[in-house]
Amino acid sequence: MKKTVLTGIRPTGNLHIGHYFGASRSWVEVQDHYDCYFEIADVQALTDNFDNPEKVKKNVYELTIDLLSIGIDPNKATIFLQSAIPEIAELTVYYSNLVTMARLYRNPTVKTEIAQKKRLFGNEGESVTYGFVGYPVSQAADITAFGGEIIPVGEDQLPLIEQCREIVRKFNSIYGEVLIEPQALLGKYPRIKGLDGNDKMGKSLGNAIYLCDSPAIIHDKVMSAITDPNKIRKDDPANPDICMVYYYHKLFSGDEVDTVCAECKNGTRGCVACKKQLIDNICKYLEPIREKREYYLNHMDEVQKILEEGSKKAREKAQMTLKNVKKAMKIDFFNE
Ligand code: SF4
């Protein structure tokens, strides 16, 4: 029996290369070895976009197309919508009795995000909703509903998995061994920096290259990337380790990287040519993804069917979990 892997992704926009090298590339490999569930967490996206449902809906389709384009295969893995599984909401209610508000506020991931919101919107009480503070509980429901045993995450997500494990242990200690305690699977790849050298790549930071970017957009973005500021003339020797162009060469340029590094250091390489070489390599790398995107954009009926069938399959699993949970909690009065 293959182990179950659950990956939840918030539909907050298109996937960028930070997502790709940081996590989603490994999902493609994982689907060959595990029973994979990819949850498009649209309900969770509404926790901070509740006033913009159109945006969330659009992002659901964009994300689904991105997943299919990078190679997630609906014949191997299940792609489904969180909002199509009402059992998750019901499990969230039951689990909410098993975690204190103090514990939620102490969760480092929640704490960081609250601090960010506070910086952006001021007063904590006004900017943070009940739904937002509680999202680790709903995430525990996401994971357990499908019997998620392995959860691929980045380091910043580890506290959420720990919170889920606590909820599972508490549930099982009170009601009996019903839920599976998940294990985090830390991604092999580091967080990818933005074009401006920022440790994080993101839409709001305006420093991301998206998998769907056209060659013209990639050209403009790479041309604006931060290089060694001490290299003024074409033949000045420079330090590639402080240059974002070199940083991306290491991701996209394969065997050419050593030459880029050596020529940069000895001043036989100009930044414009170096950037053009990177642009070519990024475009070549992303070409097959862009082609698949094009296909799915022209076959939206297929995308809709994949989501529908995936959600149906996922729901059957969640219904089984909920049944077991209610039985353990002695609230299975009508044997539904
Ligand atoms: Fe960066 Fe290339 Fe210029 Fe060196 S030559 S500073 S690696 S862009």
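In what follows, residues are counted from 1 in the order of the sequence shown. When reading the values below, keep in mind they use all heavy atoms of this one structure, side chains included, and skip hydrogens, waters and symmetry mates. Counting convention: from 1, in listed order, for ligands and their atoms alike. Just so you know, these numbers come straight off a predicted model, no measurement behind them.
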> Do Q82 and Q44 have side-chain N/O donor and acceptor atoms under 3.5 Å apart?
Replying inline: no

>> I'd like to know if E287 pairs up with R290 as an ion pair, taking the criterion as any Lys NZ or Arg NE/NH1/NH2 lying under 4.0 Å from an Asp or Glu carboxylate oxygen.
In response: yes

> Relative to each other, are the rings of F21 and F252 parallel, tilted or perpendicular (30° and 60° limits)?
Replying inline: perpendicular

>> Whether the E302 and Y295 side chains hold a donor-acceptor pair (N or O, under 3.5 Å, no angle test) is what I'd like checked.
In response: yes

> Going by chain and residue number, what protein N/O/S atoms come nearer than 2.8 Å to atom 3 (Fe) of ligand 1?
Replying inline: C271 SG

> Going from CD on Q31 to SG on C36, what distance comes out if it is rounded to the nearest 0.5 angstrom?
Replying inline: 6.5 Å

> With a 4.5 Å limit on heavy-atom distance, are the side chains of I167 and C164 in contact?
Replying inline: no

